[in-house]
Amino acid sequence: MNKKSVLVSGGAGYIGSHTAVELIAAGYDVVIADNLSNSDMSGVEGVRAITGVDVPFVNVDCCDREAFAELFAKYDFDSVIHFAAFKAVGESVADPMKYYHNNLLSFINIVELMLASGKHNIVFSSSATVYGEADELPVTEATERKPATSAYGNTKQMCEDILRDSVAAYPQLKGIALRYFNPIGAHPSALIGELPRGVPQNLVPYITQTAAGVRECLSIFGDDYPTPDGSCLRDYIDIVDLAKAHVAAIDRMVEDKNKERYEIFNVGTGRAVSVFELVNTFERVNNLKLNYKVAPRRAGDVVAVWADTTLANNELGWHAERSLDETLKSAWEWEKRVRNIK
């Protein structure tokens, strides 16, 4: 079993493609699996262009047990990073069964196939959404999980529980859940970045598409929150820094440095940034003006959440490194390349 080989499910997507690049840079062999339901081959081609490696790609739905089992039989890897999940909060409220079927079944298949084929290490792509409206900030890994306000959030909690219970029951498994905060930005090469299908659900792609003229106006949902400038506070983590956290997590398990067989780490910057600060920083670093307006609050938005990253810093040896200025420059460089803006 090749300890230096990783299957990246959902690897054609935004976080998956950046993680594949950083794994390869760290000396891992990578296999990308994706059904391209929310991505396309440009992510895989970008990984190949950046790394110079002809990364194997398998077009497979992780919910298709039989097809997925063929991939497990064909490729020699010891670790899995699981990104393949639907992630639109609003859609998950409107169509919860779509989310429960895809997000739970895909993960159950992975765990069962890992057990059947003797593979050992799994990193699960979790989310700060599991904390909900936290009673104390910043949140630590010991902060209580609040009842989910969406099917999406509930699937993250449920998959964490599936991983925890599986690791407890099956001695050959080790697992790490990484709770992301708000990934933004793009690779410095501008060859991969965030390209949502349809109307962006996340703030930065909406900002860059507004700057590019794809969207007429950016809406800032609420300026009357109990925060310094009235807008929500979030922890925005650079996508390359986030990708490197996955490498650190895999290293930890491969090198047998984990203190427990199941661990959880927050992956953020530890800094709260308001929506207005993010917009103003984007305008400043890219020397442009955005057309934006204040709109009513959006249902389900928490006032503030940001990470205490002490555990990841100390145990994984990982730190967020890129500045907000660098990150927002990279987001605009990516958007310009995609839109052929000079």
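All values below come from the heavy atoms of this structure, side chains included, with hydrogens, waters and symmetry mates left out. Count residues from 1 along the sequence.
From S9, atom OG reaches atom CZ of F83 across 7.5 Å, with rounding to the nearest 0.5 Å. One finds the CD1 atom of I220 at 7.5 Å from the CG atom of L203 (value rounded to the nearest 0.5 Å). Put simply, OH on Y262 and CG on D165 are 9.0 Å apart, with the number rounded to the nearest 0.5 Å. Distance NZ/K146 to CD/E133: 7.5 Å, rounded to 0.5 Å. Considering CD1 of I81 and CD1 of I15, their distance stands at 11.5 Å, rounded to 0.5 Å. The CD atom of E194 sits 9.5 Å away from the CD atom of Q209 when rounded to the nearest 0.5 Å.
Between I207 and the options V275, L278, N286, a side chain to side chain contact (heavy atoms under 4.5 Å, CB included) holds for only L278. Each of K156, H82, Q157, E160 was checked for a side-chain hydrogen bond (donor to acceptor under 3.5 Å, both in side chains) with S126, and the lone residue meeting it is E160. In summary, of the residues considered (Y180, W318, F124, F265), a ring-ring contact (aromatic ring centres under 6.0 Å, His included) with H246 occurs for Y180 alone.
Hydrophobic cluster membership differs between M158 and F86, with clusters built from Ile, Leu, Val, Met, Phe, Trp and Tyr side chains linked at under 4.5 angstrom. Cluster membership check: W334 does not share its hydrophobic cluster with Y206, using side-chain heavy-atom separations under 4.5 Å among Ile, Leu, Val, Met, Phe, Trp and Tyr. When hydrophobic clusters are built by joining Ile, Leu, Val, Met, Phe, Trp and Tyr residues whose side-chain heavy atoms come closer than 4.5 Å, directly or via intermediates, L195 is not grouped with I192. When the side chains of ILVMFWY residues are joined at heavy-atom separations under 4.5 Å, either directly or via intervening members, V31 and I250 end up in two distinct hydrophobic clusters. L233 and V294 are not part of a single hydrophobic cluster, where members link through side-chain heavy atoms under 4.5 Å apart.
In this structure, S150 and G153 approach most closely via the heavy-atom pair OG-N, 3.0 Å. Here the shortest heavy-atom pairing between A84 and G10 reads CB-N, 3.8 Å. What you find for A331 and T208 is that their closest heavy atoms are O-CG2, 3.8 Å. Of all non-hydrogen atoms in T51 and V55, the two that sit nearest each other are OG1-CG2, 4.5 Å. Across all their heavy atoms, R65 and E112 have their closest contact at NH1-OE1, 2.6 Å.
A donor and an acceptor atom, one from each side chain of D238 and T327, are located under 3.5 Å apart. Judged by distance alone, the side chains of N313 and T309 do bring a donor and an acceptor atom under 3.5 Å apart. A donor-acceptor pair shorter than 3.5 Å can be found between the side chains of Y131 and N266. Residues D251 and Y28 bring a donor and an acceptor atom of their side chains to less than 3.5 Å of each other. Looking only at atom types and distance, the side chain of S79 has a donor-acceptor partner in the side chain of N121 under 3.5 Å away. N154 and Y100 form a side-chain donor-acceptor contact under 3.5 Å, judged by distance and modelled atom types alone. Checked by atom type, the side-chain pair Y236/T269 shows no donor-acceptor distance below 3.5 Å. S323 and D325 form no side-chain donor-acceptor contact under 3.5 Å, judged by distance and modelled atom types alone. Neither side chain, Y152 nor E91, offers a donor N or O lying under 3.5 Å from an acceptor on the other.
Looking at L7 and L71, their side chains come closer than 4.5 Å, going by heavy atoms from C-beta outward.
Residue E136 places its CD atom among 12 or fewer non-hydrogen atoms of other residues, nucleotides or ligands, all under 6.0 Å distant. Residue H101 places its NE2 atom among 12 or fewer non-hydrogen atoms of other residues, nucleotides or ligands, all under 6.0 Å distant. A 6.0 Å sphere centred on NZ of K329 holds no more than 12 heavy atoms belonging to other residues, nucleotides or ligands. When the shell of 6.0 Å around CG of N287 is examined, it contains 12 or fewer heavy atoms from other residues, nucleotides or ligands.
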Q | T149/V93 under side chain to side chain contact (heavy atoms under 4.5 Å, CB included): CA gap, chis, key distance, verdict | A | CA-CA 8 Å; T149 56; V93 174; over 6 Å; no
Q. Hey, mind stepping through R339 and E335 against salt bridge (Lys or Arg N to Asp or Glu O under 4.0 Å) and telling me if it holds?
A. CA-CA 6 Å; R339 309 292 172 190; E335 189 73 39; 2.6 Å; yes
Q: Check the pair I24, V47 against side chain to side chain contact (heavy atoms under 4.5 Å, CB included), reporting the backbone distance first and the verdict last.
A: CA-CA 9 Å; I24 292 165; V47 172; 4.1 Å; yes
Q) Hey, mind stepping through K336 and E333 against salt bridge (Lys or Arg N to Asp or Glu O under 4.0 Å) and telling me if it holds? A) CA-CA 5 Å; K336 286 195 294 183; E333 290 304 314; 3.1 Å; yes
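In this view, F72 and F68, F77 satisfy the ring pair (Phe, Tyr, Trp, His ring centres under 6.0 Å) rule, not counting sequence neighbours.
Taking 4.0 Å as the cut-off between side-chain N and carboxylate O, K4 and D29 do not count as a salt-bridged pair. Comment: D256 engages K174 in a salt bridge, judged by a side-chain N to carboxylate O separation of less than 4.0 angstrom. Checked for salt-bridge contact, R252 and E315 meet the test: a charged N lies under 4.0 Å from a carboxylate O. With respect to the salt-bridge test (charged N to carboxylate O, under 4.0 angstrom), the residues K244 and D241 do not qualify.
Relative ring orientation between H187 and H18 is described as tilted, the plane-to-plane angle lying within the 30° to 60° band.
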